[in-house]
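Note sheet for the following structure.
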Amino acid sequence: GVRMDRSIESVRESVPDIVVVGAGLAGSLIAVLLARAGLKVHVYELRDDPRKSGSAGASARSINLALSTRGLTALKVAGLDDLVTKIGTPMHSRCVHLQTSSTPEFQPYGQIGQHLLSVSRNKLNCLLLDAVESEKNVSLYFGMKCIHVDLNTPKAIFQNVNLPDSSPIEAKARLIIGADGCFSKVRSAMERMERFNYSQSYLPAGYKELSIPAASDGSYQMDPNCLHIWPRHKYMLIALPNLDGSFTCTLFMDHEGSENCFDALQTPQQVESFFKTTFPDAVPLMPELTKDFFANPTPSLITIRCAPYHFKSSVLLIADAAHAIVPFYGQGINAGFEDCRILLELMHEHDFDFEKVCKAFTESRKPNADAVADLALHNYVEMASKTASTAFVIRRKLGLLLNRIFPNKFIPLYTFVSFSNVPYFEAIKRSEAQDKLLGYFGKATSTLLGLSVLSISAALVLSRYRLIRA
């Protein structure tokens with residue numbers, strides 16, 4: 001196992017193959033994968049160990065993660081998929097709570113057996129840290145703030161935050177991997193490079209985490225196998241199930257500028273009035289509503305794009321450090337874990353030639369990261385508005401029907417993204433031809449013909465147009 005108490009001197013003496021900055025989700029997973037591939041890895045994390053009670057990480061709150069095929073595929077490579085499945089709750093459909101109806105509407109994500117996995121970010125991080133600690137090729141250091149990165153050497157300089165008067169620690173390696181999130185210190189060093197492109201953009205919306213506790217007998221107060229969503233056009237509430245019978249809820253809404261925004265909700269009375277008017281069926285399930293609302297922060301939603309993701313053979317960015325996205329397609333963690341799987345594959349493909357690996361990683365991941373960033377931004381509109389639209393529901397059902405009849409010929413975009421490992425960019429291109437077909441077919445069948453007629457029509461349209469390639 002990993003010795004957590006190694007002296008500063010031994011850190012300086014030992015130069016590993018890889019230094020990973022950040023022991024969050026992607027940083028932990030890539031450390032495990034590269035260590036198993038035979039590389040010596042040192043991991044440095046700013047926070048204290050989140051597995052220890054009382055640490056900042058242990059009480060951290062954030063949107064639950066929706067793991068799908070891409071993330072689970074990467075975890076399977078590390079042999080961790082079964083362990084992660086045990087700490088998750090499957091979500092087979094959206095359960096849409098409309099303002100105009102007291103009966104929720106179920107919208108399946110895919111075919112029978114296809115589902116997302118709701119997982120607590122903190123529980124997943126702790127599981128991954130246990131895996132890191134079990135690897136003999138990895139050394140793990142907490143409470144280490146990255147204060148400087150020298151791209152050429154390469155080396156990272158860390159300050160022990162629990163010993164602020166101690167000397168900075170110099171960590172050299174053949175390759176430094178920045179897995180230190182959307183405000184990455186490693187990326188900030190690269191931003192001073194010649195011809196490095198970087199942009200960040202914020203949505204007007206922010207989010208507030210709330211909760212629906214378990215019933216008094218420990219049972220769920222709503223269907224636990226769904227992602228619950230209350231779409232209200234300019235804002236929305238979602239709820240994801242936890243193993244203990246509770247739901248983690250998130251309100252997405254503009255920070256300012258409209259009648260219904262976070263700035264307009266300043267008192268418990270205003271919050272209660274807004275929720276009773278807007279989410280009447282949710283309020284009775286949320287006894288701690290106003291307490292949660294004023295106790296929890298209101299973070300912003302950022303999209304980060306940059307290029308290239310590497311500097312020579314010495315520095316590489318992955319996950320949010322390279323391509324932070326908004327959470328509306330549930331793909332942030334899945335794209336980050338996919339980075340880890342692709343990086344490992346490229347290591348083997350290029351025989352651990354870091355220069356070739358880093359160049360190939362940027363070429364492979366940049367177009368796909370941009371594609372999923374665009375999808376996530378677009379999906380905010382879909383979740384907040386279109387899930388309440390009859391036309392959208394009909395179109396989605398038609399897509400799933402065609403997929404059932406022609407599973408290898410017609411694959412909805414959501415299925416491509418969430419239930420396959422087809423690169424994001426390719427998935428979008430392939431779905432565009434299908435969208436044209438679905439638009440034509442949707443107009444022809446919006447009168448809701450019987451199932452048998454739909455099946456025949458679908459077969460005729462597909463055979464006639466032959467737009468879709470397997």
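Owing to the predicted nature of the structure, the values given are computational and were not obtained by experimental measurement.
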State which residues pass side chain to side chain contact (heavy atoms under 4.5 Å, CB included) with Asn368; sequence neighbours excluded, sorted by chain then number. Arg365, Pro423, Tyr424, Phe425
Nearest 0.5 angstrom please: Ile229 CD1 to Arg94 CZ, how far? 6.0 Å
With sequence neighbours left out, what residues match Asp180 under salt bridge (Lys or Arg N to Asp or Glu O under 4.0 Å)? none
The criterion is side chain to side chain contact (heavy atoms under 4.5 Å, CB included); which residues satisfy it with Thr103, sequence neighbours excluded? Ser101
Minimum heavy-atom distance between Leu413 and Ala427, given as atom pair plus value: CD1-O, 3.8 Å
Nearest heavy-atom contact between Thr69 and Phe419 is OG1-CA, 3.1 Å
Can you pull out every salt bridge (charged side-chain N to carboxylate O under 4.0 Å, His left out) where at least one residue sits in residues 242-268? Sequence neighbours excluded, please. none
Please list, chain by chain and in numerical order, all residues satisfying side chain to side chain contact (heavy atoms under 4.5 Å, CB included) with Ile147, sequence neighbours excluded. Lys145, Ile157, Gln159, Pro168
Once rounded to the nearest 0.5 Å, what's the spacing between atom CD1 of Ile325 and atom CG of Asn379? 10.5 Å
Heavy atoms of Tyr109 and Met91 approach each other most closely as CD1-O, 3.7 Å
Applying side chain to side chain contact (heavy atoms under 4.5 Å, CB included), name anything that partners Thr290, two or more places apart in sequence or on another chain. Pro268, Val271, Glu272
Report yes if the distance between the aromatic ring centroids of Phe328 and Phe252 is under 6.0 Å, otherwise no. yes
With a 4.5 Å cut-off on side-chain heavy atoms, are Ser118 and Leu227 touching? no
Salt bridge (charged side-chain N to carboxylate O under 4.0 Å, His left out) pairs, two or more places apart, involving residues 70-84: Arg70-Glu338
Among Val186, Leu343, Val315, find the residue that satisfies the side-chain contact (heavy atoms from CB on, under 4.5 Å) test when tested with Ile177. Leu343
Verdict with supporting geometry, Tyr207 and Glu209, side chain to side chain donor-acceptor pair (under 3.5 Å): CA-CA 7 Å; Tyr207 65 94; Glu209 183 165 296; over 6 Å; no
Kindly indicate, with the supporting measurements, whether the criterion side chain to side chain donor-acceptor pair (under 3.5 Å) is fulfilled by Ser120 and Asn122. CA-CA 5 Å; Ser120 151; Asn122 189 55; 5.5 Å; no
Passing candidate, side-chain hydrogen bond (donor to acceptor under 3.5 Å, both in side chains) with Lys208, options Thr250, Thr298, Asp292: Thr298
Partners of Lys366 by side chain to side chain donor-acceptor pair (under 3.5 Å), sequence neighbours excluded? Asp370
Using the ring-ring contact (aromatic ring centres under 6.0 Å, His included) criterion, which residues pair with His228? Sequence neighbours excluded. His97, Phe247
Return all side-chain donor-acceptor pairs below 3.5 angstrom for residues 28-36, not counting sequence neighbours, or 'none' if the list is empty.
unit_1, atom_1, unit_2, atom_2, d
Ser28, OG, Ala23, O, 3.1
Ser28, OG, Gly24, O, 2.7
Arg36, NE, Glu135, OE2, 2.7
Arg36, NH1, Ala78, O, 2.5
Arg36, NH2, Ala78, O, 3.4
Arg36, NH2, Glu135, OE2, 3.3

Holding to salt bridge (Lys or Arg N to Asp or Glu O under 4.0 Å), I want the full list of residues that pass it with Lys276, two or more places apart in sequence or in another chain. none
Check Asp339 against Ala319 and note the closest heavy-atom contact, atom names and distance. OD2-N, 2.8 Å
Tell me every residue that passes salt bridge (Lys or Arg N to Asp or Glu O under 4.0 Å) with Glu426, counting only those two or more places apart in sequence or in another chain. Arg430
